[in-house]
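Notes for the one structure printed next.
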Protein chains: 4
Amino acid sequence: MSEQDKSTLHSMTEELSEAENMTPKQIKILEAAIEIIAEKGYSATSTSEIAKRAGVAEGTIFRHYRTKKDLLISIVKPIITHFSAPFFAKKFVKEVFQDTHTNFEDFLYAFIKNRFEFVKSNIPLLKILLQELAFHPEIQGTFKKVFMEKIYPAINRTLTLYKEKGQIKDLPNDTIIRMMAPTIIGFLITRFIVQPDKEWDDEAEIKETITYIMNGIGK
Amino acid sequence: MSEQDKSTLHSMTEELSEAENMTPKQIKILEAAIEIIAEKGYSATSTSEIAKRAGVAEGTIFRHYRTKKDLLISIVKPIITHFSAPFFAKKFVKEVFQDTHTNFEDFLYAFIKNRFEFVKSNIPLLKILLQELAFHPEIQGTFKKVFMEKIYPAINRTLTLYKEKGQIKDLPNDTIIRMMAPTIIGFLITRFIVQPDKEWDDEAEIKETITYIMNGIGK
Amino acid sequence: MSEQDKSTLHSMTEELSEAENMTPKQIKILEAAIEIIAEKGYSATSTSEIAKRAGVAEGTIFRHYRTKKDLLISIVKPIITHFSAPFFAKKFVKEVFQDTHTNFEDFLYAFIKNRFEFVKSNIPLLKILLQELAFHPEIQGTFKKVFMEKIYPAINRTLTLYKEKGQIKDLPNDTIIRMMAPTIIGFLITRFIVQPDKEWDDEAEIKETITYIMNGIGK
Amino acid sequence: MSEQDKSTLHSMTEELSEAENMTPKQIKILEAAIEIIAEKGYSATSTSEIAKRAGVAEGTIFRHYRTKKDLLISIVKPIITHFSAPFFAKKFVKEVFQDTHTNFEDFLYAFIKNRFEFVKSNIPLLKILLQELAFHPEIQGTFKKVFMEKIYPAINRTLTLYKEKGQIKDLPNDTIIRMMAPTIIGFLITRFIVQPDKEWDDEAEIKETITYIMNGIGK
DNA sequence: AATGAATGAGGATTCATTCAT
DNA sequence: GATGAATGAATCCTCATTCAT
């Protein structure tokens with residue numbers, strides 16, 4: 001697995017701390033914040049609780065993040081970026097366009113597998129994103145931008161390509177996306193948030209999901 | 001449209017106030033609470049803001065609802081109940097089992113149409129439910145109970161029936177549900193929450209959704 | 001036992017309601033108020049709690065008592081009056097001055113016995129008086145007035161008489177009172193408030209108390 | 001006067017602040033709380049009033065004491081402890097048992113004198129203790145514990161010793177205590193709480209009190 | 001960089017009291 | 001007389017944030 005691959009998969013918490021030059025305390029703060037906010041929601045989480053869990057003084061948080069909201073943003077923005085990363089990673093592009101996956105089904109498998117691992121490694125972060133997206137225009141803005149500029153075009157190109165290859169139905173891309181997206185996202189949410197404790201046969205589930213999608217949009 | 005039908009569709013806010021003997025102020029409080037909580041989330045909503053919007057004194061809220069959480073619960077519980085209502089309404093059962101809808105596709109259409117209208121009339125309520133479900137065990141409990149005791153059995157019976165009729169694939173019911181549910185729910189969320197302002201051709205969307213589902217699970 | 005005697009002994013709660021023309025609800029309110037205030041103190045007792053315990057609406061209290069404090073006063077004032085009653089009851093005076101009790105010891109016994117029964121029948125009322133005396137100037141005023149005008153003169157006369165009879169030491173009355181009072185009051189407080197649940201041999205305790213007092217001030 | 005002696009006498013307010021490492025504001029809070037609670041009672045005292053009198057923000061109170069009740073407890077507990085201190089102080093024990101006071105009267109004088117000074121230096125604290133003892137089980141518990149484990153045994157030993165020495169009557173210790181205690185406590189309450197403003201000849205009063213007690217229980 | 005005491009605005013909730021019915 | 005809905009000031013307490021050390 002290439003370096004790049006890894007970076008789109010493994011836990012962002014670790015990454016955050018590597019990337020920027022963070023003090024150990026700052027990392028503790030981030031970790032504590034993610035844990036608690038994922039559990040109780042941003043508004044219901046107090047900075048003092050974060051400080052306590054992180055083992056730092058209350059003031060320390062504000063040394064690193066001007067406001068509580070800043071802390072939220074600096075948790076949420078990187079996930080958005082990372083979430084979109086594979087869509088314009090060289091590898092992604094190459095594979096799709098250079099026949100590494102000759103058929104759509106293989107591509108779908110690789111894609112779902114990749115996002116599955118990403119979600120698996122970042123459940124609390126994504127829970128936070130999912131919840132707070134609803135309430136914070138800044139986050140919505142960032143998300144929309146990334147989606148419109150990165151994710152949507154990449155998917156568009158990919159779908160067009162496979163349509164040209166004659167492997168999927170000749171529906172408008174938007175329609176295809178509106179069908180596929182809930183199926184994949186719904187699976188991931190069910191798997192990791194609604195029923196995380198159930199014993200899942202992940203491989204089988206992924207394959208069934210692909211079959212369902214292929215029935216819906218495949219030729 | 002029968003009386004019964006209506007009761008599963010139209011706005012619950014009205015209904016709440018009709019059912020119980022509420023004072024005008026109490027209704028104002030409920031309406032204001034629903035509006036603001038849907039917009040900002042439960043935790044970020046202050047009782048003083050609710051009071052102001054409702055045009056009552058802050059103390060009045062606590063005369064009707066012992067705590068802020070009580071207010072939330074009394075907003076959320078009825079939606080859960082109402083959401084499940086059609087699944088065990090006589091009409092629902094009759095239609096499904098007495099050949100009113102002879103084929104699954106017709107049934108699906110009627111069902112999605114019905115839930116579509118319900119969601120349309122109760123967006124803020126459902127937004128609140130969706131958000132707060134994540135944080136309040138009491139709500140989770142109520143939801144799980146209604147789902148396991150009412151919704152799930154009804155769907156199960158229906159699917160079994162149509163499988164016997166040979167109209168849908170012979171997959172395990174759970175698998176079918178896991179496929180259909182995100183497709184339908186995903187459509188409704190996209191339609192009413194993610195992109196409520198887009199100009200939608202609802203009839204066309206519903207039909208496409210049905211086609212997609214039928215491709216996935218139909219024979 | 002004469003009518004008059006009884007009136008200085010039995011529970012004042014009953015009496016209050018007989019005396020004035022009170023509605024049943026008002027009596028309920030008084031009873032509830034006495035119970036709760038004795039238990040938690042005036043300040044910590046809410047009118048709504050009183051209303052609930054009394055089984056009346058919140059507003060009803062204020063129909064009978066202009067303010068919460070009025071309610072306290074109308075509980076406390078009668079006890080003060082009643083507490084002082086025997087000191088100027090005809091019988092008290094007669095007995096002391098007309099040789100019914102020829103010696104001080106007999107008088108003391110009759111006196112302590114009488115006050116013992118009074119306290120026994122009015123514990124909650126007296127608890128309230130004891131507690132609230134400290135904080136409410138109005139109550140202090142009433143108490144001082146009754147004490148200076150009724151109780152103190154009566155005791156004074158009595159002590160002087162028995163001094164003349166040569167049955168008690170020739171100490172200043174004030175000194176005698178300062179010795180006797182805590183002994184008697186201390187006994188009653190210990191008996192009914194500090195250790196009400198202990199098994200007491202009341203007769204023996206009273207006699208010991210008298211002996212102790214007589215040793216201290218008797219000749 | 002030895003260091004030890006002093007610690008059983010002088011104002012506890014000072015001591016509290018020396019002992020623990022308190023910030024100046026915390027001391028101010030304690031002082032203000034003691035003043036106001038002694039005057040109006042715990043329940044009738046608001047934290048905002050305490051804050052105002054202490055010259056701090058209301059929030060500051062809760063930084064030092066988790067709840068208002070915590071504040072009360074941390075005022076009241078130390079008095080209980082200090083009140084009992086002399087009973088098991090080395091000096092107390094030594095003097096009693098090693099013939100420093102050969103007779104009971106001298107011992108009584110020293111004892112009353114010592115407690116007299118303690119009360120004099122801690123009137124507000126003791127007022128609070130006296131009032132709130134009635135309503136707070138925690139305080140009652142602490143008090144009972146200290147009394148049963150420290151004060152009562154010490155007094156018991158002392159009385160037994162003096163009985164053996166033949167200086168006091170051969171009554172049960174409990175009886176002796178029930179006589180002496182109200183006499184001494186009653187004197188202190190009259191002196192400092194009931195009539196603090198009267199001009200007292202303290203030395204004379206103490207001697208009279210002793211005489212009274214000795215008549216009652218002395219041989 | 002880190003602390004933690006201090007703040008004061010704002011939080012939910014309670015309260016005594018009023019008033020239309 | 002009695003009700004109970006309504007009030008809004010006041011209650012205890014929490015919060016994000018600041019600042020001197």
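Within every chain, numbering begins at 1; the chains are lettered A, B, ... in the order of the sequence lines, protein sequences first and strands thereafter.
- The interatomic distance linking C/I61 (CD1) with F/dG1 (C1') rounds to 14 Å, in whole Å.
- Put simply, the side chain of A/L72 reaches to within 4.5 Å of the side chain of A/I128, judged on heavy atoms.
- For C/S46, whose side chain is taken as the heavy atoms from C-beta onward, the closest listed nucleotide among F/dT7, E/dC15, E/dT13 is E/dC15.
- Within the 3.5 Å criterion, the main-chain N or O of A/Y42 finds a donor-acceptor partner in the side chain of A/K68.
- To the nearest 0.5 Å, atoms NZ (A/K52) and CD (A/E58) are separated by 7.5 Å.
- Rounded to a whole Å, the CD1 atom of C/I36 is 11 Å from the P atom of E/dC15.
- Comparing atom distances between the D/K25 side chain and each of E/dG11, F/dA6, E/dA6 picks out E/dA6 as nearest.
- Considering only side-chain N and O atoms, A/T47 lies under 4.0 angstrom from the phosphate OP1 or OP2 of F/dA16.
- Considering only the side chain of A/H64, E/dA2 comes nearest among E/dA2, E/dG4, F/dT7.
- Counting heavy atoms of neighbouring residues, nucleotides and ligands inside a 6.0 Å radius, atom NZ of A/K69 exceeds 12 of them.
- Two residues, C/Q26 and D/K69, neighbour DNA chain F, and the one matched to the more 5' nucleotide by heavy-atom proximity is C/Q26.
- With rounding to the nearest 0.5 angstrom, the CD atom of B/E132 is 10.5 Å from the CD atom of B/E138.
- The side chain of A/R63 has E/dA2 as its nearest neighbour among E/dA2, F/dC12, E/dA12.
- If you check every strand for non-hydrogen atoms under 4.0 Å, C/S43 touches nothing.
- Distance NZ (B/K52) to C1' (E/dG11): 13 Å, rounded to an integer number of Å.
- Note that CG of C/L133 is 9.5 Å distant from OG1 of C/T142, once rounded to the nearest 0.5 Å.
- Here E/dT14 is the nucleotide among F/dT7, E/dT14, E/dT7 with the atom lying nearest to any side-chain atom of B/F62.
- Taking atom CG of D/N21 as the reference point, atom P of E/dT3 lies 18 Å away to the nearest angstrom.
- Here B/E58 lies in heavy-atom contact (under 4.0 Å) with a base.
- When rounded to the nearest whole Å, the span between CG of D/L71 and P of F/dC13 equals 10 Å.
- With the 3.5 Å cutoff on both pairing distances, Watson-Crick and G-U pairs in DNA chain E assemble into runs of at least 3 at E:2-21 with F:2-21.
- Taking the side chain as every heavy atom from C-beta outward, B/L30 and B/Y65 approach each other to under 4.5 Å.
- Nearest to the side chain of D/T23, among E/dA5, F/dA6, E/dT13, sits E/dA5.
- Atom NZ of C/K68 and atom C1' of F/dT11 are 13 Å apart (whole Å).
- Of the listed nucleotides (E/dA6, F/dT3, F/dT17), F/dT17 has the atom at the smallest distance from the side chain of A/T67.
- Residue D/R53 holds its CZ atom at 12.0 Å from CD1 of D/I34, rounded to the nearest 0.5 Å.
- Annotation: of the two residues near DNA chain E, D/A57 and C/E49, the 5′-most nearest-nucleotide partner is D/A57.
- Between B/I29 atom CD1 and E/dT13 atom P the separation is 14 Å, expressed in whole Å.
- Positionally, the nearest nucleotide of DNA chain F for C/G59 lies more toward the 5' end than for the other of C/G59 and D/R66.
- Between C/D70 atom CG and E/dT18 atom P there is a gap of 11 Å when expressed in whole angstrom units.
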